[in-house]
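All remarks here apply to the structure that follows.
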There are 2 protein chains.
Amino acid sequence: MESEASYKKRKVISIGVVSQLTGLTERQIRYYEERQLIFPERTEKGNRLYSFFDVEQLIAIANKREDGVSTQEIKQEFSNEHSHNSKYRARNNELKGQIQAHFNKKNKY
Amino acid sequence: MESEASYKKRKVISIGVVSQLTGLTERQIRYYEERQLIFPERTEKGNRLYSFFDVEQLIAIANKREDGVSTQEIKQEFSNEHSHNSKYRARNNELKGQIQAHFNKKNKY
DNA sequence: CGTGTAAGGAATTCTGACACG
DNA sequence: CGTGTAAGGAATTCTGACACG
């Protein structure tokens, strides 16, 4: 319950591989960093390094972007997830799910 | 019991980072591949990609090399570990531990 | 706002080879 | 055998900017 986390959170993946893994362009990945959705580390020479966790976050971001969610909204959703009050979190997620499902229906058909 | 393995075995780390993680030079890492101790994948353009598992193997290799074990011997130890008969494996490991401890004593003092 | 692209430069990685021992 | 190094080239990554909308 610790060793797995160390693999998941360790920042070791360069942007080219992350691009492959997520299907996002490097431009998009850098932009999401600029918007503070993702926080890579840097090598001594300045190259970005990401974790598997970051890759999963980016995939989640890509899915939300496809659903028309703005980076600003995504950022707020992420900060809500970080509030460690499970009651509020559950309530928020349920509500957001309904709102977003409704929104998607309106826009996809 | 599956998700962790996927992080551990996924080949996503480039040689520069592996060098940092293991303390080995890129030259050494490439040489251990030549000696068939490690098996990175390649990107489309030919860059090597390693997993966390590979990194751990390399650290184990580095430790054995420090103890004077040759790449040839290390390779054989690894293939023994792959024999999935736990009785033989345990016996072999015990024996090798004794032999190697004895060997190290003779050589370090 | 979100993403593409061309620009120029710096750092990364690759291979094959010579060196030493 | 195991590792260092210089060599030349190709691919990677970085930043800042212009473009479109």
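Being a predicted model, the structure only gives us computed values, none of them experimental. Per chain, numbering begins at 1; letters A, B, ... match sequence-line order.
- How far CG of A/L58 is from CD1 of A/I38: 4.0 Å, rounded to the nearest 0.5 Å.
- Summarising the geometry of A/R35 relative to A/K75, their closest heavy-atom pair is O-CD, 3.8 Å, with the distance given to 0.1 Å.
- Taking the salt bridge (charged side-chain N to carboxylate O under 4.0 Å, His left out) definition, one finds that A/E26 meets it with A/R30, sequence neighbours left out.
- Base pairing in DNA chain D yields stems of at least 3 consecutive Watson-Crick or G-U pairs, both distances under 3.5 Å, namely C:2-5 with D:17-20, C:17-20 with D:2-5.
- Using a 3.5 Å distance cut-off with no hydrogens or angles, the side chains of A/Q76 and A/S79 do not pair a donor with an acceptor.
- Counting only residues at least two apart or on different chains, no salt bridge (Lys or Arg N to Asp or Glu O under 4.0 Å) pair has a member in residues 12-25 of chain B.
- Of the possible donor and acceptor atoms, one in the side chain of B/S19 sits under 3.5 Å from a partner among the backbone N and O of B/L24.
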Could you go over nucleotides 7-14 of chain D and give all protein N or O partners under 3.5 Å, atom names and distances?
from: D/dT13; atom 1: OP1; to: A/S14; atom 2: OG; distance (Å): 3.2
from: D/dT13; atom 1: OP1; to: A/G16; atom 2: N; distance (Å): 3.1
from: D/dT13; atom 1: OP2; to: A/G16; atom 2: N; distance (Å): 3.3
from: D/dT13; atom 1: OP2; to: A/E26; atom 2: OE2; distance (Å): 3.2
from: D/dC14; atom 1: OP1; to: A/R48; atom 2: N; distance (Å): 2.7
from: D/dC14; atom 1: OP1; to: A/R48; atom 2: NE; distance (Å): 3.0
from: D/dC14; atom 1: OP2; to: A/R30; atom 2: NE; distance (Å): 3.1
from: D/dC14; atom 1: OP2; to: A/R30; atom 2: NH2; distance (Å): 2.8

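- Here B/Y50 pairs with nothing under the ring pair (Phe, Tyr, Trp, His ring centres under 6.0 Å) rule; sequence neighbours left out.
- Under the 4.5 Å side-chain heavy-atom criterion for Ile, Leu, Val, Met, Phe, Trp and Tyr, A/F39 and A/I61 are members of distinct hydrophobic clusters.
- The OG1 atom of B/T22 sits 12.5 Å away from the CD atom of B/Q57 when rounded to the nearest 0.5 Å.
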Using the 3.5 Å cut-off, write out each protein N or O paired with an N or O of nucleotides 2-4 of chain C and the distance between them.
from: C/dG2; atom 1: OP1; to: A/T71; atom 2: N; distance (Å): 2.8
from: C/dG2; atom 1: OP1; to: A/T71; atom 2: OG1; distance (Å): 3.1
from: C/dG2; atom 1: OP2; to: A/Y31; atom 2: OH; distance (Å): 2.8
from: C/dG2; atom 1: OP2; to: A/R35; atom 2: NH1; distance (Å): 2.6
from: C/dG2; atom 1: OP2; to: A/T71; atom 2: OG1; distance (Å): 2.5
from: C/dG2; atom 1: O3'; to: A/R65; atom 2: NH2; distance (Å): 3.1
from: C/dT3; atom 1: OP1; to: A/Q28; atom 2: NE2; distance (Å): 3.3
from: C/dT3; atom 1: OP1; to: A/Y32; atom 2: OH; distance (Å): 3.1
from: C/dT3; atom 1: OP2; to: A/Y32; atom 2: OH; distance (Å): 2.8
from: C/dT3; atom 1: O4; to: A/R27; atom 2: NH2; distance (Å): 2.9
from: C/dG4; atom 1: OP2; to: A/T25; atom 2: OG1; distance (Å): 2.8
from: C/dG4; atom 1: N7; to: A/R27; atom 2: NE; distance (Å): 3.2
from: C/dG4; atom 1: O6; to: A/R27; atom 2: NH2; distance (Å): 3.1

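- Note: A/E56 CD to A/D54 CG = 9.5 Å, rounded to the nearest 0.5 Å.
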